[in-house]
Amino acid sequence: MSTARFRFPKSARLLRSAEYRRIYDGGSKFVGPLFAAFYLRTQSGDPARVGYTTPRALGTSVERNRIKRRLREAVRVALPSLEPGWAIVFNPRRAALDAEFSRLTSEVQRLWGVLRARGTES
RNA sequence: CCCGCCGGACAGGCAGCCGCCCCGAUCUUUACCGGGGAGGAAAGUCCGGUCUCCACAGGGUGGCGUGCCGGCUAACAGCCGGGGGGUUCCGCUUAAAGCGGGGCUCACGGAAAGUGCCACAGAAAACAUACCGCCUGAGGCCUUGCGCCUCAGGUAAGGGUGAAAAGGUGCGGUAAGAGCGCACCGCGUCUCGAGCAAUCGGGAUGGCAGGGCAAACCCCACGUGGAGCAAGACCAAAUAGGGGACGAGCGGUGACCCGCCGCGCCAUAUGAGUCCCGGGUAGGUCGCUAGAGCGCCGCAGUAAUGCGGCGUCGAGAUGAAUGGCUGCCGCCCCGGCCCUAGCUGGGGAACAGAAACCGGCUUAUCGUCCGGCGGGCUGA
RNA sequence: CGGGGCGUGGCGCAGCCCGGUAGCGCACCUGCCUUGGGCGCAGGGGGUCGGAGGUUCAAAUCCUCUCGCCCCGA
């Protein structure tokens, strides 16, 4: 397995407030115990793009950063098995702060499964 | 050795794999290599500055801030040193006071510039006051006494109220009293000495002016323009406006009618299209990290701090990097193996994340170590 | 980065400016009324005034620090 498949450059991230707005308005919602996720099918040629939002209600800046970094690492490892063309925004819950890392990755895989099912029916 | 208070330092270390942000080299297509990557509080945003833009002749007033004295500093509400007050401890001494030393602590200018407030209680709460008392005199009453009642006056010793009642203690004095007189203490004024000063010490003198609150209004002295890196500078789409230039199609009409083609004419309304100019949004670039910098040494100073020399470069993001998973060693706690040493099993490691940059303050913080002060126990 | 507001019985609020008694409504408890309940009437209990320190004789109130929540502007 090539190391390049595990990278997580800026081209794979959402960097504009307008992009978040579009996904919230036109996307669908996935709900899990550790996070909620909004996803939207974009141009199928584009690479998959991911964003995270950690509002103040989640805790202090240290806790918010920790939640985002753990979730980002879980997504990074799972990124090669995600089909291109999806844009996803994660809304983590406070439970993601000290949940087992393996639970985070399995939750991400569960979301990937939902996306694969939606991709084949459309 | 243990406990408490105060001050200071540190904030586990070394590797492996996979990632993220910035810089540089190779390459210029993927990629790959090297270097760097959170804190003592980065926090709260309570102060002060650097920097940027706006405003601005000078002065005054107002507002706001500061407030014992001296020093440090770019500046400060910070720091250092000193003075004074409060509180506590130790030693000496005493009738009580007092003297000396140490710790902690204080928003510590002015109450004889003016205004205001001081509940309840109390006679009276601020140009003081006579309620109960005490004393003197006059009158009256009888149960004749160190008596009682009334009136006139003297009095701040005593009682009582209060947070606070016009110096305190003692002696003298007096009808009873009173700084009325005296001694000591306190206070005011004058003066001498020490100190840059706050202030301290001594002497003379006045029988004593005067309640508290200015974190009530206020007065005095000093300081103070406003906003903030989303400051500010530059580049600049798409769309819709603004200014200007070029510009001619469509349309209408006419030669018998209709269709098509061509041509002529008409007038200015609509005004396509192209180009230029200007403002400016999205977006981008700069500001943006070498600075009152950090480390060591020397000198000056009680210290804060300053000066000099040498060395060194240690984040710069913008949906916002500094992470994930492991191993070994070290630290702390609990348990086991014969006590110690040692071995071994399990658990724990805080508060917290840069956003232009510095100097402070305040708050949060598992523990370990160092220094100072105080207390307790034990041993020599 | 800058500015503003609010924490007072279980709930919603006065009192704070100008310091001395913490009050109002709903809710709660007891009694009366009623066959019983509700309504009504009478009486009653309950508050570290977000926390700490200070000023003062005295602090919910004044001052300083601090915690939490909410709302604006660029």
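Sequence lines set the chain letters: A, B, ... in the order given, protein chains first and strands last, and positions in each chain run from 1.
- Nucleic acid contact class of A:T53 (heavy atoms, under 4.0 Å, all strands): base.
- At least one side-chain nitrogen or oxygen of A:R66 sits closer than 4.0 Å to the OP1 or OP2 atom of B:G324.
- A gap of 11 Å separates the C1' atoms of B:G34 and B:U26, to the nearest Å.
- Comparing B:G103 with B:G109, their C1' atoms are spaced 29 Å from each other, to the whole Å.
- A straight line from OH of A:Y52 to C1' of B:A321 spans 14 Å, rounded to a whole angstrom.
- Contact annotation: A:R69 side-chain N/O to B:C20 OP1/OP2 distance is not under 4.0 Å.
- Base pairing analysis places B:C146 opposite nothing; no Watson-Crick or G-U wobble pair with both distances below 3.5 Å involves it.
- Taking atom C1' in both B:U66 and B:C76, one finds a spacing of 10 Å when rounded to whole Å.
- With a 3.5 Å ceiling on both atom-pair distances, B:A77 lacks any Watson-Crick or G-U wobble partner.
- Checked for salt-bridge contact, A:R70 and A:E73 miss the test: no charged N lies under 4.0 Å from a carboxylate O.
- Look at the C1' atom in both C:G40 and C:U56: the space between them is 50 Å, to the nearest Å.
- When rounded to the nearest whole Å, the span between CZ of A:R56 and P of C:C71 equals 12 Å.
- With its glycosidic angle within 90° of 0, B:U30 adopts the syn conformation.
- The nucleotide B:A119 finds no pairing partner, because no Watson-Crick or G-U wobble arrangement with both distances shorter than 3.5 Å includes it.
- The shortest non-hydrogen separation linking A:R116 to A:S81 is NH1-O, 3.5 Å.
- Checking B:C53 for Watson-Crick or G-U wobble geometry (two distances, each under 3.5 Å) identifies B:G226 as its partner.
- Each of A:K10 and A:R70 was matched to the nucleotide of RNA chain B holding its nearest heavy atom; the match closer to the 5' end belongs to A:K10.
- Of all heavy-atom pairs spanning A:A36 and A:K29, the tightest one is CB-CE, 4.3 Å.
- Side-chain nitrogen and oxygen atoms of A:K68 include none within less than 4.0 Å of the OP1 or OP2 phosphate oxygen of B:G323.
- Shortest non-hydrogen contact noted between A:P33 and A:A95 is O-CB, 4.1 Å.
- Comparing the C1' positions of B:A354 and B:U322 gives an interatomic distance of 10 Å, to the nearest angstrom.
- Stacking of A:F8 onto the six-membered ring of B:G19 is not present when judged by under 5.5 angstrom between centres and under 30° between planes.
- Against the 90° criterion about 0, the sugar-base torsion of B:A204 places it in the anti range.
- B:C182 and B:G170 make up a base pair, with Watson-Crick or G-U wobble contacts both under 3.5 Å.
- B:G39 and B:G323 are spaced 11 Å apart, taking the P atom of each and rounding to whole Å.
- Counting non-hydrogen atoms of other residues, nucleotides and ligands closer than 6.0 Å to CZ of A:R103 gives a total of 12 or fewer.
- Nucleic acid contact class of A:S17 (heavy atoms, under 4.0 Å, all strands): base.
- Under 3.5 Å, the side chains of A:N91 and A:Y24 contain a donor-acceptor pair of N or O atoms.
- Glycosidic conformation at B:G241 (O4'-C1'-N9-C4 for purines, O4'-C1'-N1-C2 for pyrimidines): syn, within 90° of 0.
- Atom name P, nucleotides B:U169 and C:C63: the rounded distance is 42 Å, in whole Å.
- In a base pair of the Watson-Crick type (N1 to N3 plus N6-O4 or O6-N4) or a G-U wobble (N1-O2 and O6-N3), with each distance short of 3.5 Å, B:G327 is matched with B:C14.
- In this structure C:G44 sits in the anti conformation; its chi angle is more than 90° from 0.
- The side chain of A:R16 sits closest to B:G283 out of B:G353, B:C325, B:G283.
- Residue A:R72 places at least one side-chain N or O closer than 4.0 Å to OP1 or OP2 of B:U322.
- As rounded to whole Å, 12 Å separates atom P of B:G324 from atom CZ of A:R76.
- B:G347 adopts an anti glycosidic conformation, its chi angle falling more than 90° from 0.
- B:C257 makes up no base pair with any nucleotide shown, lacking Watson-Crick or G-U wobble contacts both under 3.5 Å.
- One can place CD of A:E19 at 13 Å from C1' of B:G283, the figure rounded to the nearest angstrom.
- Residue-level contact check: A:R64 touches neither bases nor backbone, having no heavy atom under 4.0 Å from any strand.
- Cation-pi contact between A:R41 and A:W86: present, with separation from the ring centre below 6.0 Å and deviation from the ring axis of at most 45°.
- The side chain of A:R13 places an N or O atom within less than 4.0 Å of a non-bridging phosphate oxygen (OP1 or OP2) of B:A320.
- A salt bridge is absent between A:R22 and A:E19; no separation between the charged side-chain nitrogens and carboxylate oxygens falls under 4.0 Å.
- In this entry B:C337 has B:G342 as its Watson-Crick or G-U wobble partner, both defining distances falling under 3.5 Å.
- The separation of B:C68 from B:C64, taken at their C1' atoms, amounts to 24 Å, rounded to a whole angstrom.
- Counting any heavy atom pair closer than 4.0 Å across all strands shown, A:Y20 reaches a base atom.
- Between A:Y24 and A:E63, the residue anchored nearer the 5' end of RNA chain B, judged by the nucleotide with its closest heavy atom, is A:Y24.
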